[in-house]
Peer 1: 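Below is one structure. I have some questions about it.
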Amino acid sequence: MTIVTLSSGHSRHVRGASEFLDEVVEARKVVDEVGKLYRGEKIYTFHDNTSNTQDENLETVISWHNSITCDLATSIHFNAYEITDQPRGTECLYLTQKDIAGAMSAAIADAGGFIDRGAKYRDDLAFLNQTEMPAILIEVCFVDSSKDTSLYEIYFHAICRAIATVIAGASPA
Ligand SMILES: [Zn+2]
């Protein structure tokens with residue numbers, strides 16, 4: 001059984017990507033729904049409602065994750081590149097957790113009908129570098145792809161269920 005921490009990206013006052021959908025609004029919905037669907041040992045969820053700068057937001061989110069002993073820390077984000085009607089897809093960023101990042105991207109892609117962009121190694125992200133527990137950062141889909149956002153709205157529940165299932169299967173730390 002697995003204990004996980006799950007946060008939404010950015011903060012109420014430090015907004016993320018926004019086009020056909022707003023990243024902060026949707027990341028919060030995903031976190032709350034995954035929290036309800038989770039059937040592992042324990043899930044803790046967090047939204048940053050206080051930070052006013054990006055640095056403050058990263059510090060707040062990372063401190064929250066580091067305050068709880070868990071098997072996997074996960075943050076929910078949405079991607080953006082350029083406005084398009086073409087599909088872009090889902091990906092999962094990792095520093096040390098390549099296997100679960102790959103499983104997560106594949107599961108979300110399968111649930112939502114997204115292109116599977118796969119596990120992406122990143123050594124330049126504060127969340128991955130400073131979170132003490134094993135960590136992954138999910139980019140659910142692109143908020144500036146109308147194809148992605150319509151798939152996301154249709155398959156929201158299945159996508160959240162896929163995330164809940166994969167994090168529940170993380171190996172104990
Ligand atoms: Zn983001």
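As the structure lists them, so they are numbered: ligands from 1, and atoms in each ligand from 1. For clarity, every value in this text was computed on a predicted model and none was experimentally measured. Atom set for the values below is all heavy atoms of this structure, side chains included, hydrogens, waters and symmetry mates excluded.
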Peer 1: Hey, which protein N/O/S atoms does the Zn ion (ligand 1) have under 2.8 Å?
Peer 2: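 Listed by chain and number, the atoms are H10 NE2, E23 OE2, H77 ND1.
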Peer 1: Tell me whether K36 forms a cation-pi arrangement with Y38, defined as NZ or CZ under 6.0 Å from the six-membered ring centre and within 45 degrees of its axis.
Peer 2: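 Not flagged: K36 not positioned over aromatic ring of Y38.
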Peer 1: Strictly under 6.0 Å, is that where the ring centroids of H65 and F127 end up?
Peer 2: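 Ring-ring flag for H65/F127: true, centres closer than 6.0 Å.
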Peer 1: For Y152, give me all partners under ring-ring contact (aromatic ring centres under 6.0 Å, His included), at least two apart in sequence or on another chain.
Peer 2: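 Scan of Y152 (ring-ring contact (aromatic ring centres under 6.0 Å, His included), adjacent residues dropped) gives F78, F156.
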Peer 1: Would R88 and E82 pass as an ion pair if we require N to O under 4.0 Å?
Peer 2: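 Looking at R88 and E82, the cut-off is met.
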Peer 1: Less than 4.0 angstrom from a charged side-chain N to a carboxylate O is my criterion; do R15 and D22 meet it?
Peer 2: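 Here R15 pairs with D22 in a salt bridge, since their nearest N and O are under 4.0 Å apart.
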Peer 1: Between R28 and N49, which heavy-atom pair has the shortest distance, and what is it?
Peer 2: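 Distance-wise, the nearest heavy atoms are NH1-OD1, 2.7 Å.
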